[in-house]
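Contents: one structure, followed by commentary.
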2 protein chains.
Amino acid sequence: MTVGIRDVARAAGVSTATVSRALGRGPVSDALREQVEAAVRATGYRPNLSARRLRSQAARTIGLIVADIRNPFFTAVSRAVEDAAFASGMRVILCNTDEDPAREAMYLRLMEEERVTGVIFAPTRVTLESLDTCPLGFPVVLIDRSGPPGTHDSVVLDNVSAGAALVDHLVARGYARIGGLFGATSTTAQERQAGYAAAMRRHGLALSIRTVAPNAAAGEAEAMRWLADSDRPEALVLSNGLILMGTVRAARNLGLAIPGDLALAGFDNEPWTDLIEPGLTVIEQPVAEIGAQAMQRLFERIASPDQPVRKIILSGRLVVRGSTAQAKRPENRGPN
Amino acid sequence: MTVGIRDVARAAGVSTATVSRALGRGPVSDALREQVEAAVRATGYRPNLSARRLRSQAARTIGLIVADIRNPFFTAVSRAVEDAAFASGMRVILCNTDEDPAREAMYLRLMEEERVTGVIFAPTRVTLESLDTCPLGFPVVLIDRSGPPGTHDSVVLDNVSAGAALVDHLVARGYARIGGLFGATSTTAQERQAGYAAAMRRHGLALSIRTVAPNAAAGEAEAMRWLADSDRPEALVLSNGLILMGTVRAARNLGLAIPGDLALAGFDNEPWTDLIEPGLTVIEQPVAEIGAQAMQRLFERIASPDQPVRKIILSGRLVVRGSTAQAKRPENRGPN
DNA sequence: AACTTTTGTGAAAACGTTTTCAGTCACGGC
DNA sequence: GCCGTGACTGAAAACGTTTTCACAAAAGTT
């Protein structure tokens with residue numbers, strides 16, 4: 001059968017308590033510690049983590065709940081979270097919700113049953129609302145998405161400013177009829193939309209907003225409909241990398257030149273955005289820092305549960321590329 | 001304190017055994033089952049999974065060990081694995097090894113300590129060798145990478161044929177001086193290289209092979225060196241999506257036109273490969289099926305541990321795009 | 001009506017650890 | 001020489017479940 005701590009104890013000629021202490025931290029004489037280590041090697045002993053967790057009531061595990069790991073933003077963040085967790089001897093359980101509140105609820109429940117040390121969570125808007133009311137058995141740090149500071153720490157991008165920055169940039173480049181295509185399920189998209197709207201109003205421009213499920217297929221479909229219109233916008237702001245990709249596809253399908261027929265500015269500085277011709281102007285998010293900061297928030301919250309709620313707001317970086325080159329305004333449109 | 005099964009039992013006026021049976025499958029009268037369910041709702045009871053696993057000796061957890069979740073191939077596969085696992089009520093622990101044998105060993109050890117039900121693993125070459133000799137406490141299904149059928153089931157691409165197919169395609173398009181840039185750490189890259197070599201020999205062409213760490217940065221660096229040479233190849237075969245991306249970057253840095261100055265053919269039909277101009281010719285891998293098949297192999301192996309080892313070989317699909325347009329051979333090279 | 005089987009239930013024994021508690025031993029201060 | 005005082009150690013009690021075992025009651029079988 002499988003070898004347990006009592007087998008090691010027997011092999012080392014000591015009690016199970018001594019083995020446990022020798023393996024963990026505990027006062028054990030050097031002689032016995034060596035005996036135990038030899039016995040562990042001899043028997044090929046592997047501690048049973050379930051038993052260890054049950055007894056010590058410390059899971060040393062954090063849950064990471066995101067919409068979809070295939071979104072490069074989340075894979076990058078999750079990689080940072082995992083590395084930080086691993087460095088602290090913690091394990092990570094990764095969950096995909098597909099932006100589905102039912103799956104979110106189910107995974108939160110699972111996290112309770114696992115008695116996890118904490119959770120890092122990018123919730124949909126609907127779950128975000130219920131999150132403050134029902135207490136969970138662990139601290140939660142929200143990433144990417146969060147409303148007004150509530151009961152949970154969060155680390156997010158300065159989405160309003162970022163959305164506005166894209167508009168300001170487009171206006172500076174001579175565009176006026178600027179549309180916005182935003183994700184429908186997250187506060188993040190809402191905030192970016194708010195930033196877009198505020199900047200447009202500030203510039204005295206008319207809003208033109210559509211929302212869509214935040215994935216490439218939906219983005220492409222909606223962009224196809226929108227851009228087929230005769231009064232399509234000159235420029236489009238896209239609220240995340242997947243919608244941006246869908247829109248690029250739609251433009252190509254329709255034979256629209258970028259930026260000649262349509263300027264594009266979006267979010268998420270993914271590797272492909274500077275490989276296509278022309279490169280895409282985007283807001284780059286500090287993905288690694290978001291992940292690392294989230295872990296740090298979590299650790300601090302665990303260390304001192306009663307400290308005031310913190311909301312960390314990180315700044316994006318505008319990366320200007322060819323997709324927002326100077327507009328050829330109608331009044332001075334050249335031969336080409 | 002936290003509510004346990006005895007609290008539920010007390011609230012329902014039954015024994016803990018009955019609660020356990022009512023929650024799982026077990027003979028319980030309908031009346032008591034309802035009492036128990038009511039008590040569970042009333043107390044907000046959440047079963048402790050560590051305790052459950054310890055007692056029942058069934059982790060209902062599978063480990064998924066891959067090189068890097070940021071590689072879109074692995075994210076796609078892992079998504080398929082997770083969905084399949086979830087559908088069977090299993091949890092997934094996801095681990096990144098960074099192609100580092102030490103990390104692989106450490107994660108395999110962790111899997112033993114978690115007493116996982118099984119593991120799906122994409123090992124480096126060096127770990128693959130030791131894998132047959134040292135017995136682990138769980139069944140393993142290799143994905144993407146595997147040597148000759150050994151002691152573990154595996155599901156892989158027909159890499160040799162795929163590598164040869166790319167060469168055949170390039171030759172048919174009129175290319176002769178075809179180089180190959182392959183990953184250094186995996187058997188997969190080795191097999192693709194073997195297919196490349198066999199096809200080249202079959203066509204009577206000279207081999208030109210380099211190997212590199214399988215990531216975009218290394219691919220770019222090596223491609224820069226290679227393509228700066230005066231006797232650079234006319235076409236390049238790249239052994240995975242990351243190296244392919246790096247090579248595209250290098251070609252762009254050096255001002256080489258694709259396919260005019262350099263034709264490219266690679267692996268992994270990622271979304272960006274048809275967004276860049278021209279599109280990239282690639283072998284598409286059936287990522288979802290690889291993940292699903294791996295889970296199926298694992299379940300079958302668990303169900304009947306002694307069945308013969310199976311190696312599932314799936315075929316890739318050649319997706320032809322502009323990066324391998326007809327070569328302009330020197331003897332009939334036109335003005336443009 | 002006297003047996004067997006079936007069905008449902010509770011008490012108690014696991015599962016493999018860590019942690020508490022009560023020592024034992026050696027040591028130094030008086 | 002006696003008595004704290006530390007430093008280690010082992011026996012046994014947790015941790016929260018599931019599962020075994022025994023048994024009572026109900027249901028079939030002759």
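Chain A is the first sequence line, chain B the second, and so forth, proteins listed ahead of strands; every chain is numbered from 1.
- Salt bridge annotation for A:R301-A:D153: present, with a cationic side-chain nitrogen under 4.0 angstrom from a carboxylate oxygen.
- Residues from residues 40-53 of chain A lying near DNA chain C, meaning a heavy-atom separation below 4.0 Å, are A:Y45, A:R46, A:P47, A:N48, A:A51, A:R52 in numerical order.
- Distance, A:R60 CZ to C:dT17 C1': 16 Å, rounded to whole Å.
- The pair A:R46-B:E113 does not meet the salt-bridge criterion, since no charged nitrogen lies less than 4.0 angstrom from a carboxylate oxygen.
- Of the candidate nucleotides C:dT18, D:dT18, C:dT17, D:dT18 has the atom lying nearest to any side-chain atom of B:T16.
- The distance between atom CD of A:E114 and atom P of D:dT17, rounded to the nearest whole Å, is 13 Å.
- Although no hydrogens or angles enter the test, the distance criterion places no donor-acceptor pair under 3.5 Å between the side chain of A:S304 and the main chain of A:Q307.
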Atom pairs, protein N/O to nucleotides 22-24 of chain D N/O, distance under 3.5 Å:
none

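- Look at CD1 on A:I5: it is 17 Å from P on D:dA12, rounded to the nearest Å.
- Proximity of a side-chain donor or acceptor of B:E104 to a complementary backbone N or O of B:T124 within less than 3.5 Å is detected.
- A salt bridge is defined here as a Lys NZ or Arg NE, NH1 or NH2 lying under 4.0 Å from an Asp or Glu carboxylate O, and A:R145 with A:E99 meets this definition.
- Computed from coordinates, the A:R6 CZ to C:dA14 C1' distance equals 11 Å when rounded to whole Å.
- Among the nucleotides C:dT18, D:dT19, C:dC15, the one closest to the side chain of B:S56 is D:dT19.
- Atom CD of B:Q35 and atom P of C:dG8 are 15 Å apart (whole Å).
- Distance alone, capped at 3.5 Å, is enough to place a donor-acceptor pair between the B:N96 side chain and the B:I69 backbone.
- End-to-end axis angle of the helix from C:dA1-D:dT30 to C:dC30-D:dG1, using five pairs per end and rounding to 10°, comes to 40°.
- Straight-line distance from the CZ atom of A:R55 to the C1' atom of C:dT19: 5 Å, rounded to whole Å.
- The side chain of A:Q57 contributes an N or O atom lying less than 4.0 Å from OP1 or OP2 of D:dG16.
- By the salt bridge (Lys or Arg N to Asp or Glu O under 4.0 Å) test, A:D100 pairs with no residue at all, sequence neighbours left out.
- Heavy atoms of B:S20 sit under 4.0 angstrom from at least one base atom.
- In this structure, the side chains of B:R115 and A:L49 stay at 4.5 Å or more apart for every pair of heavy atoms.
- Of the possible donor and acceptor atoms, none in the side chain of A:T117 sits under 3.5 Å from a partner among the backbone N and O of A:I62.
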Enumerate donor-acceptor pairs with a distance under 3.5 Å from any side-chain N or O in residues 22-31 of chain B to protein atoms, sequence neighbours excluded.
residue	atom	partner	partner atom	Å
B:S29	OG	B:L32	N	3.4

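- Along DNA chain C, the nucleotide nearest B:G13 and the nucleotide nearest B:L54 are compared for position; the residue whose nucleotide lies closer to the 5' end is B:G13.
- A:R21 has its CZ atom 11 Å from the C1' atom of D:dA11, to the nearest Å.
- Here the side chain of A:S56 pairs a donor or acceptor atom with the backbone of A:R52 at under 3.5 angstrom.
- Note: CG (B:D7) to P (D:dC15) measures 12 Å, nearest angstrom.
- At a threshold of 4.0 Å, the pair B:E300-B:R297 counts as salt-bridged, since one of the basic side-chain nitrogens sits closer than that to a carboxylate oxygen.
- For B:D68 (side chain) and B:N71 (main-chain N/O), no donor-acceptor pair under 3.5 Å exists by modelled atom type.
- For the pair B:E114 and A:R53, the salt-bridge criterion is met [side-chain N within less than 4.0 Å of a carboxylate O].
- For the segment residues 25-33 of chain B, the set of residues with a heavy atom within less than 4.0 Å of an atom of DNA chain D is empty.
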